[in-house]
Amino acid sequence: MNSINLRVIFIGLFAILVLGVGGFYLWNKLGARTVPPLSSVAYTCDAGKTIQADFYEKSVKIVLSDGREFSLPQMVSSVGDRYTNAEKSIVFERDGDTAHVGEGSSEIPTYSNCTAAGSEAASMGTYTSTAASSTPGFTVKYPKTFSLNSAYVNETFPKKPISGIKLTVPETMATGTNLSSDTGLSVEWLPNARNCTGDIFVAENVKAQKVTENGVSYSVATTSGAGAGNLYEETVYAISGSKPCTAVRYFVHSGNIGNYPAGTVTEFDRAGLMAQFDKIRQSLTLSN
């Protein structure tokens with residue numbers, strides 16, 4: 001075999017080697033990235049932060065709104081899905097349509113109350129109070145269409161003003177119906193109460209009843225009244241044993257449907273309203 005043929009064979013083998021090594025390198029570097037994720041979810045979080053998450057079979061790639069990117073393997077978790085790096089310096093957890101990112105050994109939340117775009121959770125707002133000697137620490141979720149008054153004071157009883165927050169129904173819920181736009185739900189507290197019962201939040205001579213729901217014990221008191229064609233209904237769910245005594249009040253103000261000209265308004269959706277109020281109440285969690 002002459003030298004020219006040997007040179008041609010050598011060049012061919014070298015080319016095959018180069019192409020093989022190069023192809024293997026590209027496959028390792030880029031092959032995994034071309035595998036499509038099982039799902040991709042965009043999250044919106046507190047303080048306007050966002051997370052873009054691409055979920056694979058046993059890992060997730062997250063892109064944070066501050067520009068950082070992480071590929072995290074999935075870890076064993078008893079609740080939801082947990083992903084963390086080898087150093088455990090960053091943790092991404094999701095549970096249903098919600099997620100958060102924690103950083104450092106204490107997993108300090110840096111991306112909090114994150115909700116998946118387009119999900120039911122994304123339409124919900126969150127209010128969190130800071131516990132003090134006369135104020136309960138609590139978190140409550142509510143539809144973002146409701147108006148929040150975090151400095152609300154119930155002055156039904158002038159000699160006993162009751163501090164709290166109020167969530168008022170949106171105007172659209174009342175428009176065209178006999179429901180008044182001041183209808184809403186409030187979280188209230190009485191720091192000096194000896195016994196936390198529903199009757200201490202309403203007028204005298206109302207007897208409270210004990211109710212247990214989803215493992216939570218309530219003392220429930222109900223009142224109603226009427227005047228000048230208006231109907232007023234209140235139901236107070238006092239959380240038994242809470243300190244300071246904390247309660248959720250449903251306040252429904254409506255007009256007597258018989259007082260409206262025929263065809264001008266419709267009866268408001270009582271069942272739908274109560275379902276929304278119940279969902280808000282059930283989301284309430286006390287931290288103290």
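Side chains are part of it too, since the values below use all heavy atoms of this structure and drop only hydrogens, waters and symmetry mates.
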Check: Who are the salt bridge (Lys or Arg N to Asp or Glu O under 4.0 Å) partners of D81, not counting sequence neighbours?
Finding: R94

Next item on the list: Would you confirm whether K144, through its side chain, and A122, through its main-chain N or O, come within 3.5 Å as a donor-acceptor pair?
Entry: yes

Note to self: Using only atom types and a distance under 3.5 Å, with no angle test, would you say the side chain of S59 pairs donor to acceptor with the backbone of Y56?
What the structure shows: no

Next item on the list: With the side chain counted from C-beta on, respond yes when T172 and T145 share a heavy-atom pair under 4.5 Å apart, and no when they do not.
Entry: no

Checklist line | Check: Y83 and V91 side chains under 4.5 Å, non-hydrogen atoms | finding: no

Notebook entry, point to check: With no hydrogens and no angle check, is any side-chain donor or acceptor of S254 less than 3.5 Å from a backbone partner on L179?
Noted result: no

Checklist line | Identified side chain to side chain contact (heavy atoms under 4.5 Å, CB included) partner of Y142 from the options I165, L284, L167, V187 | finding: L167

Note to self: Under a 3.5 Å distance rule, please check whether T135 uses its side chain to pair with a backbone N or O of A132 as donor and acceptor.
What the structure shows: no

Next item on the list: Starting from the C-alpha separation in whole Å, work towards a yes-or-no answer on side-chain contact (heavy atoms from CB on, under 4.5 Å) for Q276 and M173.
Entry: CA-CA 12 Å; Q276 289 204 54; M173 185 179 291; 3.2 Å; yes

Check: Are V252 and F146 grouped together when hydrophobic residues (ILVMFWY) are joined by side-chain heavy atoms under 4.5 angstrom apart?
Finding: yes

Note to self: Determine whether T183 and L273 satisfy the following criterion, side-chain contact (heavy atoms from CB on, under 4.5 Å), listing intermediate values before the conclusion.
What the structure shows: CA-CA 10 Å; T183 295; L273 178 64; 4.1 Å; yes

Next item on the list: Determine whether V140 and V169 fall in the same hydrophobic cluster, where Ile, Leu, Val, Met, Phe, Trp and Tyr are linked whenever their side-chain heavy atoms lie under 4.5 Å apart.
Entry: yes

Notebook entry, point to check: Is there a side-chain contact between C245 and F201, using heavy atoms and a 4.5 Å cut-off?
Noted result: yes

Margin query: Within the 4.5 Å heavy-atom criterion, are Y232 and S224 side-chain neighbours or not?
Written below: no

Check: So does K88 pair up with E103, basic N to acidic O under 4.0 Å?
Finding: no

Item checked: Polar contact flag, side-chain donor to acceptor under 3.5 angstrom, S180-D182 -> yes

Margin query: When you compare the side chains of T115 and D97, does any donor N or O come within less than 3.5 Å of an acceptor on the partner?
Written below: no

Margin query: Under 4.5 Å between side-chain heavy atoms, counting indirect links through other Ile/Leu/Val/Met/Phe/Trp/Tyr residues: same cluster for V211 and Y237 or not?
Written below: yes

Next item on the list: Could you go through the side-chain contact (heavy atoms from CB on, under 4.5 Å) check for Y218 and V248 one step at a time?
Entry: CA-CA 10 Å; Y218 298 99; V248 177; 5.9 Å; no

Note to self: Any side-chain to backbone donor/acceptor pair from S129 onto P136? Under 3.5 Å, distance only.
What the structure shows: yes

Notebook entry, point to check: Which pair of heavy atoms, one from V153 and one from P161, lies closest together, and at what distance?
Noted result: CG1-CB, 3.8 Å

Notebook entry, point to check: Y43 and C114: which non-hydrogen atoms are nearest, and at how many Å?
Noted result: CB-CB, 4.0 Å

Note to self: For A238 versus C196, what's the shortest heavy-atom pair and its separation?
What the structure shows: CB-SG, 4.1 Å

Checklist line | Whether S40 side chain and D54 backbone form a donor-acceptor pair below 3.5 Å | finding: no

Item checked: W189 side chain near I162 side chain, heavy-atom distance below 4.5 Å -> no

Note to self: Is any side-chain heavy atom of S242 closer than 4.5 Å to one of L286?
What the structure shows: yes

Next item on the list: Mind listing the closest non-hydrogen atom pair of L185 and F277 along with its distance?
Entry: CD1-O, 3.5 Å

Check: Does some side-chain heavy atom of L64 sit less than 4.5 Å from a side-chain heavy atom of I62?
Finding: yes

Next item on the list: Return the minimal non-hydrogen interatomic distance between K49 and T110, and the atom names on each side.
Entry: NZ-O, 2.7 Å

Next item on the list: With side-chain contact (heavy atoms from CB on, under 4.5 Å) as the test, would you mind laying out the steps for N113 and T98 before giving the verdict?
Entry: CA-CA 7 Å; N113 294 320; T98 63; over 6 Å; no

Notebook entry, point to check: Between the side chain of T246 and the main-chain N/O of P244, is any donor-acceptor distance below 3.5 Å?
Noted result: yes

Next item on the list: Check for a donor-acceptor pair, side chain of N149 on one end and backbone N or O of A151 on the other, with a separation under 3.5 Å.
Entry: yes

Note to self: With a 4.5 Å cut-off on side-chain heavy atoms, are E69 and K61 touching?
What the structure shows: yes

Next item on the list: Would you tell me whether H253 and N230 have side-chain atoms, one donor and one acceptor, within less than 3.5 Å of each other?
Entry: yes

Notebook entry, point to check: From T139 OG1 over to Y127 OH, what is the distance, rounded to the nearest 0.5 angstrom?
Noted result: 9.5 Å

Margin query: Salt bridge or not between E213 and R281? Use side-chain N to carboxylate O under 4.0 Å.
Written below: yes

Margin query: Within the 3.5 Å criterion, strictly below it, is a donor on S240 or S219 matched to an acceptor on the partner's side chain?
Written below: no

Margin query: Please tell me whether D278 and Y250 have a donor and an acceptor in their side chains that are separated by less than 3.5 angstrom.
Written below: yes

Checklist line | Chi angles and distances behind the side chain to side chain donor-acceptor pair (under 3.5 Å) call for T156, N154 | finding: CA-CA 6 Å; T156 302; N154 187 325; 2.6 Å; yes

Next item on the list: Classify the side-chain pair K141/T126 by whether it contains a donor and acceptor separated by less than 3.5 Å.
Entry: yes

Item checked: For the student: nearest non-hydrogen atoms of P143 and I280, plus distance -> CD-CD1, 3.7 Å

Next item on the list: Hey, could you give me each pair passing ring pair (Phe, Tyr, Trp, His ring centres under 6.0 Å) that has a residue in residues 147-175? Not counting sequence neighbours.
Entry: none

Margin query: Please tell me whether Y111 and F92 form a close aromatic pair, meaning their ring centres lie under 6.0 Å apart.
Written below: no

